[in-house]
Amino acid sequence: MKQSRGLQTEYASAELSDDAILAWAEYEMKPGEDRRLSDLLSKQQGGFLAETERLELTALMQLYQEGLLRKAQALAEAVQRGLIDPIGS
């Protein structure tokens with residue numbers, strides 16, 4: 001089973017407890033990581049990123065995308081289990 005910073009892939013979501021699924025469904029980046037990502041994206045738009053900042057931005061973007069994917073998977077699993085209502089219902 002593949003893991004990234006403790007995030008389990010969709011293949012394991014059926015094995016997680018209801019509480020774990022609901023926790024992942026509410027996942028958000030840590031505030032400091034989110035602020036840093038925003039800062040780096042702003043600097044990138046201005047064309048002022050150093051090489052080390054570009055590498056940091058890449059890592060934070062990957063973390064953000066992985067978290068968003070896990071959150072989406074957890075939301076789908078929560079709906080499937082009847083833990084939450086589907087959006088728009």
Just verifying a value: how many Å separate [X] [atom1] and [Y] [atom2], rounded to the nearest 0.5 Å?
X	Y	atom1	atom2	answer
Arg81	Ile21	CZ	CD1	4.5 Å
Ile87	Leu75	CD1	CG	6.5 Å
Arg35	Leu60	CZ	CG	12.5 Å

Can a donor-acceptor pair be found, under 3.5 Å and without considering hydrogens, that links the side chain of Lys43 to the backbone of Leu49?
no
When you measure from the side chain of Glu53 to the backbone of Ala50, do you find a donor-acceptor pair of N or O atoms at a distance under 3.5 Å?
yes
Taken in chain and number order and not counting sequence neighbours, the residues that satisfy side-chain hydrogen bond (donor to acceptor under 3.5 Å, both in side chains) with Arg36 are Glu56
Between [X] and [Y], is any pair of side-chain heavy atoms under 4.5 Å apart?
X	Y	answer
Leu83	Leu22	yes
Arg54	Thr58	yes
Met29	Tyr64	yes

Least distance between heavy atoms, Ala25 atom then Ala74 atom:
N-CB, 3.6 Å
Answer yes if [X] and [Y] sit in the same cluster of Ile, Leu, Val, Met, Phe, Trp and Tyr residues linked by side chain heavy atoms under 4.5 Å apart, and no otherwise.
X	Y	value
Leu55	Leu57	no
Leu16	Tyr27	yes
Val79	Leu69	no

Under 3.5 Å, is there a donor-acceptor pair between the Gln73 and Glu77 side chains?
no
Can you confirm whether more than 12 heavy atoms, excluding those of Glu51, are under 6.0 Å from its CD atom?
yes
